[in-house]
Structures are given as C-alpha cells and as structure tokens.
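Treat the numbers as computed from the prediction; the structure is a model and nothing was measured.
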Amino acid sequence: MKRYINKLIIACCAITFFACSEDTMDDINKNVNDPTDVASSLIISDVMTSSAFSVTGSDLAFYSSCYVEHNVGIYNQMYNAEIRSNEPSSSTTYNNSWGAIYQNLLNLKTIIDKCSEEGSENGNFHTLGIAQTLMAYNLAILTDVMGDVPYTEALQPGVIFTPTLDSQESIYTEIFNLLDAATANMAKETTFPVLGKQDFLYAGDAASIDNWIKFANGLKARYTMRLSHLSPNYDQVITYANASFTSASEECKYLYNGTTTKSPFQTFFDDRDYFGASQSMHDKLTARNDPRDAIFFQPYPGKEEIVFAPNGTPDQAQGVYGISAISSLTAPTFLMSYHEVEFLKAEAYARQDKMDEAKAALKNGITAAFEKENVGLTAEEAETYYEDEVVPKLTTKAETLKEIMIQKYLAFFEEESVEAYNDIRRMKAMGENFIQLDNSLKYPLRFTYGSDDVTTNENVRNAYGDGSYVYTENVWWAGGSR
C-alpha cells in the first residue's frame with residue numbers, strides 16, 4: 001500500500017511537472033520586451049521624438065542648410081554637397097531620413113487604425129487627430145524634398161514588397177484630407193484620457209489639444225502657400241494662418257534638456273564638425289545692419305576672429321572657419337514656428353496688395369524671430385530694426401514681397417532650413433529671385449530616394465536612374481512633372 005501511494009505521488013508530480021512544462025514551453029518563444037499590441041499613447045511618443053530628431057532635424061536639414069547657404073559645408077560629406085560632388089545625387093545621402101520617415105508613417109498608420117472605427121481604441125479622437133496631423137507632416141516633408149514617392153501601396157510590410165510611386169499631386173490631396181480629418185477629430189469630445197507626459201510636443205493636458213488644432217491649421221496655411229505657383233489661394237492661406245498660432249507659446253517645437261536629449265545641429269557639430277559660417281548669410285545680415293549678425297556666428301573654438309567660409313569654394317578644412325553660435329544642446333527643433341505663421345500671412349497679404357496688413361504681419365514675424373530663445377533679442381530691438389532698416393525697403397509691392405521673403409529666410413537660420421529650401425524652390429518656379437545665393441554651382445532641385453529602396457524596389461530604382469535628375473527635374477508644385 002505504501003509503495004502504491006509513493007507511485008501515485010510520483011505520477012501526480014510527473015503530471016504536474018509535465019503540465020507546468022507545457023505552460024513554460026508555450027511562453028518560451030514570446031519576447032516580453034516586444035509586445036504585439038502597444039497602446040497608441042506609447043507609440044505616438046516615439047513618433048514625436050523621431051519626427052523632431054530623425055526627420056526635421058536630420059540629414060534633410062543639414063544638407064538643406066548648405067543648399068540655402070545658412071551654413072557652408074567644409075568637410076567630408078557636407079563639403080561634397082557644397083561643391084556638388086556626389087552627395088546631392090547619391091541614393092545613400094538621405095537614406096537614414098528616408099527610413100525614419102517611412103517608419104514614422106507605418107507607426108502612425110497603426111495608431112490611426114487603432115483609434116478608428118473597429119479599432120481597439122475607437123473613440124480616442126484626440127490621439128487620432130494628433131496622429132493624422134503628424135502623418136500629414138511627415139508625408140509632406142517626404143514629398144516636398146523627393147517628389148513622387150511610394151504611399152498608397154506602401155506601409156504594408158509582408159504584403160506589398162515593391163510599392164509603386166504615387167504622384168506628388170495625389171499625395172498633396174491626401175495631406176489636406178488628413179489635416180481636415182485631424183482638426184475635425186480633435187474638436188470632438190472623447191472619454192479617453194489625455195496623453196499627459198506622453199505628449200512630447202505639448203503639455204498633454206486637456207488644454208493642449210487647442211494647440212494641436214492650431215498646429216494643424218498652420219500646416220494647412222504652409223501647404224496652401226506651397227501650391228501657390230500652381231493654384232494660388234491667398235485668402236485661404238490667411239484664413240488658416242489666423243486659425244493657427246497667436247504667440248510663440250503655442251508653436252510646435254521639440255525641446256531638449258541637453259543631457260538625455262540633445263539638439264540635432266549641436267550634436268552634428270560635436271560629432272562631425274562639417275559646417276563653416278556662411279559668407280553670404282553674413283553679407284545679407286550686414287547689408288541690413290541686422291543685430292543678429294553678432295549673435296548667429298562665433299569664431300571656431302580657440303580662435304579669436306570669425307573667418308567666414310566662401311559659398312561654393314571653401315577649403316576643405318576643419319578648425320578654420322567660424323561656426324553657428326545659436327546651436328546649443330538645448331536649441332529647440334521647430335516643426336512649425338509662430339514666426340513662420342506671421343511670415344505666411346505677410347506674404348499672402350502682400351500678394352493681394354494689402355500692404356498695411358502685410359507690414360503688420362511682417363513686423364510680428366521679425367519680432368518673434370528676434371525673441372527666439374536661442375537668439376535672445378528683445379521686442380524693443382526688433383522695433384528699432386524694423387523701423388530703421390526694414391520700413392525704408394517697403395517702397396513697392398515687389399520690394400515689400402522681396403523683403404518679406406528675405407526676413408523669413410533670415411528667421412529660418414538654421415534649424416528651419418528645410419522650409420527655406422522649399423521656399424526658394426517655390427519662388428524660383430514663380431520667377432522670383434528674392435534670395436540671392438552666392439554658390440554658382442548647379443542647384444539641387446530635389447533630394448534623392450533612399451538607397452534601401454533604390455536597391456530593392458524596381459519602381460524606385462527606375463525613378464532614381466543615375467541620380468542626375470536632381471539637377472534637372474523640379475518637383476510637381478515647383479512646375480515639374482513628378
């Protein structure tokens with residue numbers, strides 16, 4: 001009997017052990033650090049960070065700053081871009097940004113699906129609207145610099161491996177559809193909690209949704225103006241801009257603490273040291289007795305004087321030329337600034353011959369640019385500059401429009417260089433040479449596709465060719481065909 005009981009105990013233990021082992025084996029291939037279902041509030045934080053650091057403040061901005069002459073490329077890849085050797089036409093040049101944007105778009109599609117009807121977070125209207133806003137933002141950056149890109153058939157990993165390219169015209173329709181849906185969704189009531197600390201761009205409290213709506217309207221103003229060569233609608237630009245930011249406290253920017261998070265341009269200097277202070281930028285400032293000239297530049301560390309780099313013909317040398325003085329580890333990345341909104345209004349008013357309104361908006365834009373945290377001038381200094389140096393130039397419609405665009409260009413130094421690049425190409429398409437560029441070498445009209453898809457997607461590879469098209473083919477909104 002005792003032997004039987006012992007055998008029974010052993011058998012029960014074996015059964016128990018076997019059952020526990022099966023449970024363990026069921027879980028053994030699960031990666032608990034890679035969950036299959038993540039709350040949208042967590043995904044969207046990553047997208048905000050990536051949009052700021054890996055897209056807006058990425059290679060797209062660094063190369064743009066060379067092309068628009070905010071900086072001069074003085075070493076390695078940036079020097080090659082400066083002298084138009086290989087970099088502007090190579091598919092590897094912008095590949096990191098290409099990949100980051102598509103990862104953002106994929107993550108945002110996941111959020112949109114989760115927060116839409118039949119999704120697990122149906123009714124989470126505010127997060128849905130924020131995701132749609134960021135989707136439009138990332139998509140616009142992609143198509144603005146690269147033209148036709150994969151979109152409709154993209155964002156389906158494992159389903160479509162070689163998506164075709166959508167036309168820029170159709171992508172712009174989608175951008176406005178996204179922004180219209182975003183503002184409508186963010187105006188709805190929701191029972192879902194606010195993003196709180198997961199909102200890395202705004203405070204994340206109940207009131208912050210108003211700023212997200214203003215950001216979306218600001219983007220509508222930006223993109224409506226972008227299409228002004230093809231279909232000008234300046235009344236609509238003004239309407240959208242008036243529904244956007246009313247002060248710098250509302251603008252959309254990513255802040256860095258300088259330790260765990262660091263500003264892209266300063267990080268790029270610390271890691272690479274590829275930029276020199278731009279001679280043409282310096283000349284534009286000194287021609288206007290602009291007090292920002294003394295703030296924008298500084299000598300190279302250890303040097304006593306600022307040596308400005310000649311645009312297009314610098315020596316390939318580090319430690320010689322001056323550098324930007326407004327870069328710092330805490331300098332913000334602007335997704336959209338208040339001063340941009342005011343300059344959009346100023347341009348729209350000027351093109352309609354509404355000069356009083358144009359001048360008022362211009363003054364607001366200059367003042368906001370002077371007061372940027374990494375510039376640090378005062379409203380009083382902006383007033384003096386505006387009255388003494390700017391007003392005398394506002395003699396005709398053409399001269400007023402020219403000064404508006406120059407002031408916008410100066411205000412965009414250096415972290416908003418992608419928008420300066422877009423403005424310059426739009427103005428060239430409209431026959432306006434308001435921003436004088438000193439580099440006489442051929443100007444890149446667009447950026448190349450990323451090598452990841454040039455090498456794996458025949459549709460992208462065919463569109464890329466040998467890369468020389470970047471010097472000959474405008475994007476659609478600048479008068480091109482793709």
Legend entry - Ring centre gap for His282 and Phe296 strictly below 6.0 Å: no
Inset, instruction - Check whether more than 12 heavy atoms from other residues, nucleotides or ligands sit under 6.0 Å from atom NZ of Lys402, and answer yes or no. - result: no
Inset, instruction - Over all heavy atoms of both residues, which pair between Tyr449 and Asp148 is shortest? Give the atoms and the distance, please. - result: OH-O, 2.7 Å
Legend entry - Side-chain H-bond candidate by donor/acceptor type, Ser170 with Ser167, under 3.5 Å: yes
Legend entry - Nearest atoms (heavy-atom pairs only) where Gly319 meets Asp273: N-OD2, 4.4 Å
Inset, instruction - Run through Trp98, Tyr469, Tyr94, Tyr471 and flag the one making a ring pair (Phe, Tyr, Trp, His ring centres under 6.0 Å) with Phe447. - result: Tyr94
Legend entry - N/O donor-acceptor pair under 3.5 Å between Glu82 side chain and Gly73 backbone: yes
Inset, instruction - Rounded to the nearest 0.5 Å, what's the gap from CH2 on Trp476 to CD on Glu169? Could you check? - result: 4.5 Å
Legend entry - Leu255 to Pro332 - nearest heavy-atom pair and separation: CD2-CB, 3.8 Å
Legend entry - Lys397 atom NZ: more than 12 heavy-atom contacts under 6.0 Å: yes
Legend entry - Minimum-distance pair of heavy atoms, taken over all atoms of Leu401 and Arg351: CD2-NH1, 3.3 Å
Legend entry - Residues Thr143 and Gln168: side-chain donor-acceptor under 3.5 angstrom: yes
Inset, instruction - List the steps and the verdict of side chain to side chain donor-acceptor pair (under 3.5 Å) for Ser481 and Glu473. - result: CA-CA 8 Å; Ser481 60; Glu473 295 188 36; 4.8 Å; no
Inset, instruction - Carefully, step by step, assess Arg288 and Glu403 under the rule salt bridge (charged side-chain N to carboxylate O under 4.0 Å, His left out). - result: CA-CA 11 Å; Arg288 287 167 171 73; Glu403 189 62 20; 3.0 Å; yes
Inset, instruction - Return yes if a side-chain donor-acceptor contact under 3.5 Å exists between Asn104 and Ser50, otherwise no. - result: yes
Legend entry - Asn257 (side chain) donor-acceptor with Thr261 (main chain) under 3.5 angstrom: yes
Inset, instruction - Kindly compute the distance separating CG (Leu219) from OH (Tyr137), expressed to the nearest 0.5 Å. - result: 8.0 Å
Inset, instruction - Check the side chains of Ser51 and Asn138 for a donor-acceptor pair under 3.5 angstrom, ignoring hydrogens and angles. - result: yes
Legend entry - Donor + acceptor pair across side chains of Thr448, Tyr464 (<3.5 Å): no
Legend entry - From Leu178, Asn177, Leu179, residue fulfilling side-chain contact (heavy atoms from CB on, under 4.5 Å) relative to Ile175: Leu179
Legend entry - From NZ (Lys284) to CD (Glu69), nearest 0.5 Å: 6.0 Å
Inset, instruction - Measure the shortest side-chain to side-chain distance between Ile83 and Thr313 over non-hydrogen atoms and say whether it is less than 4.5 angstrom. - result: no
Inset, instruction - For the residue pair Tyr385 and Glu381, confirm or rule out a side-chain donor-acceptor distance under 3.5 Å. - result: no
Legend entry - Closest non-hydrogen atom pair, Asp283 against Thr286: O-OG1, 3.1 Å
Inset, instruction - Would you check if there is a donor-acceptor pair between the side chains of Tyr240 and Asn217 at a distance under 3.5 Å? - result: no
Legend entry - Atom OH of Tyr75 with >12 non-hydrogen neighbours under 6.0 angstrom: no
Inset, instruction - Check whether the side chains of Glu414 and Ser327 place a donor and an acceptor atom closer than 3.5 Å, and report yes or no. - result: yes
Inset, instruction - Identify the heavy atoms of Val55 and Leu60 that sit nearest to each other, and give their distance. - result: O-CD1, 4.0 Å
Inset, instruction - Assess the side chains of Ser45 and Gln198: does a donor N or O sit below 3.5 Å from an acceptor N or O? - result: yes
Inset, instruction - Just say parallel, tilted or perpendicular for the rings of Trp212 and Tyr202, cut-offs at 30° and 60°. - result: perpendicular
Legend entry - Under 3.5 Å side-chain donor-acceptor pair for Gln279 and Asp438: no
Legend entry - Qualifying residue for ring pair (Phe, Tyr, Trp, His ring centres under 6.0 Å) with Tyr274, from Tyr79, Tyr321, Phe268: Phe268
